[in-house]
2 protein chains.
Amino acid sequence: MPARTGRPPKISRADIVSAAHRIIDAEGIHGLTMRRLAREVGTTAMALYHHVRDKDELLRLLLDEYAAGIELSDVPGGDPVERVVSAATAMRAALVGSPWIVEVLRADDLLSVHALWFPETIIDGLVGAGLEPEEAVDAYRIIWHYTAGEISARAAAARRRDRGGPTYRGQVFAGLDPDETPRLAALGERWEELTARDTYDKGVRALVRGLVTGP
Amino acid sequence: MPARTGRPPKISRADIVSAAHRIIDAEGIHGLTMRRLAREVGTTAMALYHHVRDKDELLRLLLDEYAAGIELSDVPGGDPVERVVSAATAMRAALVGSPWIVEVLRADDLLSVHALWFPETIIDGLVGAGLEPEEAVDAYRIIWHYTAGEISARAAAARRRDRGGPTYRGQVFAGLDPDETPRLAALGERWEELTARDTYDKGVRALVRGLVTGP
DNA sequence: GTTGTTTTTTATACATGTATAGAAAGTAGC
DNA sequence: GCTACTTTCTATACATGTATAAAAAACAAC
C-alpha cells in the first residue's frame with residue numbers, strides 16, 4: 001500500500017518544525033529565517049519549501065505545537081459572563097508572550113487545532129448567557145478582534161520602545177491646538193503615562209457585558 | 001540666517017511624498033517600493049533615506065496627508081453613546097480602505113496629526129457619558145484596539161481570499177471532536193458563512209455600552 | 001585658488017522570502 | 001539492465017528594505 005516512489009526524502013515536516021522550535025528557543029523568533037532553519041536541518045532553504053508551503057505555514061505549524069502545550073486554566077463555573085472573561089483572558093495570556101503568532105492568525109480567528117478550547121469555551125459561555133448560537137459566534141469574533149488588536153498594539157509598542165527614537169506621539173502633542181482638540185490638550189503630558197496602562201481586562205469585561213445585554 | 005551650506009538637495013520630502021501618492025494611486029500600496037519611488041522621483045533609493053528615516057516614516061507621512069483629506073462626518077448631538085459610536089465608525093471607515101495604515105499605526109493609537117478629530121471626539125463623548133478623563137482615555141484605547149484588530153483581520157482575510165489556497169479553518173473543522181468541542185461541531189459548515197459577516201457595528205456598540213455603564 | 005567642512009547623492013553590499021529550472025535518487029514496466 | 005516516471009533536493013536568481021563607504025557639490029577661511 002505505501003509503495004513509495006520518487007527520490008526518498010532526507011527531511012520531514014517534523015524535522016523542520018522541531019528545528020524551528022530549537023531556533024526560536026535559542027535565538028527568538030527573530031532568528032528564524034528560512035536559511036538559518038535549513039542550516040539547522042542540514043539542507044538548503046529551498047528544500048524546505050517541499051514540506052511547507054511558505055513561512056506562514058511553518059509558523060502555523062509552530063503555533064499548533066505551541067498551542068498543544070498550553071495549560072488550560074480552570075474557568076469558574078458560575079456566572080457565564082465571568083466564564084467568558086476568564087477564557088478570553090486565558091487566550092490572551094497564551095498569546096501575549098508570542099505576539100508573532102497573532103500576525104499569523106489574524107484572519108484565522110480559530111487559532112489552532114489544538115487551541116479550540118478557547119473559542120469553544122467562549123462561545124459556550126455566551127450561549128449560557130442567553131445568546132443564540134449565531135450571535136455567540138459574532139460575539140466571539142468581536143472578542144477575538146479586540147484581543148488580537150490589543151496584543152498587536154502591545155507588541156508594536158514594545159518594538160518601538162526597543163528601537164528608541166522619537167515617538168510619533170511627541171510630535172502629535174507638540175503641534176496641538178487647544179481650540180480644536182481641548183480634551184487631548186488638557187491631557188497633554190499625561191498621555192504617555194495613561195497609555196502605558198494595561199487595559200485588556202477592563203476592555204474585555206466591558207465588551208462581554210455589552211454583548212450579553214441587549215441593545 | 002538661512003546660510004545653507006553643503007551640497008544642494010535635488011529632492012525634498014514633499015517631492016517624495018507626492019511621488020509616493022502618485023504611485024499608490026496608480027499601482028496600489030503594493031507598488032510602493034523604495035526603488036520604484038526613487039525612480040519616480042528621479043534619484044536613487046538610498047537618496048530617499050536622507051529625507052525619511054525609513055519606509056515606516058514615509059507611510060506615516062502619507063497617512064498624514066491622507067488624514068488631512070478625510071471628511072469629518074457630522075456626529076449627532078444628542079446621546080453621548082451614539083456620538084462615540086458614530087465617531088468610531090467614521091474612524092474605521094476612514095481606515096478600512098487603506099489597511100496598510102493600520103500596520104503603521106498600531107502602537108500609535110493617536111492616528112495622525114491631522115486625524116486627531118477622532119480621538120478627541122470619542123474621548124469627549126465618553127466624558128459626556130460620565131467617565132472621568134482618565135477612564136475616557138482607557139476607553140478610547142480599548143475602542144482603538146478593537147478597531148485596529150477588526151481592520152487588520154479583515155485585511156488579512158481579504159489577502160488570503162485573493163491568494164486562494166485551502167483555508168486553515170477547513171483543516172480545523174475536518175479534525176473536530178464533537179465531544180471536546182460540541183459548540184464548534186454543531187456550527188460546523190456554517191462557520192465560514194457566519195464569520196463572513198461584518199460585525200464591527202455590533203461590536204463597537206456593545207463595547208461603548210459596556211464601557212459607559214459601570215461594572 | 002587651495003583646503004577644509006557640511007550636506008546630499010551614489011555605489012555597492014547584504015539578508016530575506018521565494019520563484020524557476022534542472023539535477024539526483026529512487027520505483028515500475030519491460 | 002534500460003527506459004520512463006515521480007519525488008525530492010540543489011543551484012541560481014530576483015525583488016525588497018536598508019547599512020556602509022565613498023564621491024560630489026556647494027560654501028567658508030585663508
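Everything quoted here is computed from the prediction, not taken from an experiment. The figures here come from the full heavy-atom set of this structure, side chains too, leaving out hydrogens, waters and symmetry mates. In what follows, chains carry the letters A, B, and so on, assigned in the order in which the sequence lines appear, proteins first and then strands, with residues in each chain numbered from 1.
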Under the salt bridge (charged side-chain N to carboxylate O under 4.0 Å, His left out) definition, can you give me all pairs with a residue in residues 27-36 of chain A, not counting sequence neighbours?
A/E27-A/R36, A/R36-A/E40
Just the rounded figure in Å: distance from [atom2] of [N] to [atom1] of [X].
{"X": "A/L59", "N": "C/dT16", "atom1": "CG", "atom2": "C1'", "value": "14 Å"}
{"X": "B/E27", "N": "D/dT16", "atom1": "CD", "atom2": "P", "value": "11 Å"}
{"X": "A/K55", "N": "C/dT16", "atom1": "NZ", "atom2": "P", "value": "9 Å"}
{"X": "A/R36", "N": "C/dT16", "atom1": "CZ", "atom2": "P", "value": "10 Å"}
{"X": "A/L32", "N": "C/dA15", "atom1": "CG", "atom2": "P", "value": "17 Å"}
{"X": "B/H30", "N": "C/dG17", "atom1": "NE2", "atom2": "P", "value": "17 Å"}
{"X": "A/R39", "N": "C/dA15", "atom1": "CZ", "atom2": "P", "value": "11 Å"}
{"X": "A/L37", "N": "C/dT16", "atom1": "CG", "atom2": "P", "value": "12 Å"}

Quick one, give me the B/S/- string for nucleotides 7-12 of chain C, reading 5' to 3', where B means a protein heavy atom under 4.0 Å from the base and S means that only happens at the primed atoms, P, OP1 or OP2.
BBBBBB
Contacts of type side-chain contact (heavy atoms from CB on, under 4.5 Å), residue A/H21, not counting sequence neighbours:
A/D25, A/L62, A/E65
Taken in chain and number order and not counting sequence neighbours, the residues that satisfy side-chain contact (heavy atoms from CB on, under 4.5 Å) with B/E135 are A/K202, B/L131, B/E132
Name the nucleic acid region contacted by A/L58, choosing base, sugar-phosphate or nothing; use a 4.0 angstrom heavy-atom cut-off, strictly under.
nothing
Any chance CD of B/E180 has more than 12 other-residue heavy atoms, nucleotides or ligands included, within less than 6.0 Å?
no
By ring pair (Phe, Tyr, Trp, His ring centres under 6.0 Å), A/Y200 pairs with (sequence neighbours left out) A/Y146
Tell me every residue that passes salt bridge (charged side-chain N to carboxylate O under 4.0 Å, His left out) with B/R197, counting only those two or more places apart in sequence or in another chain.
A/D138
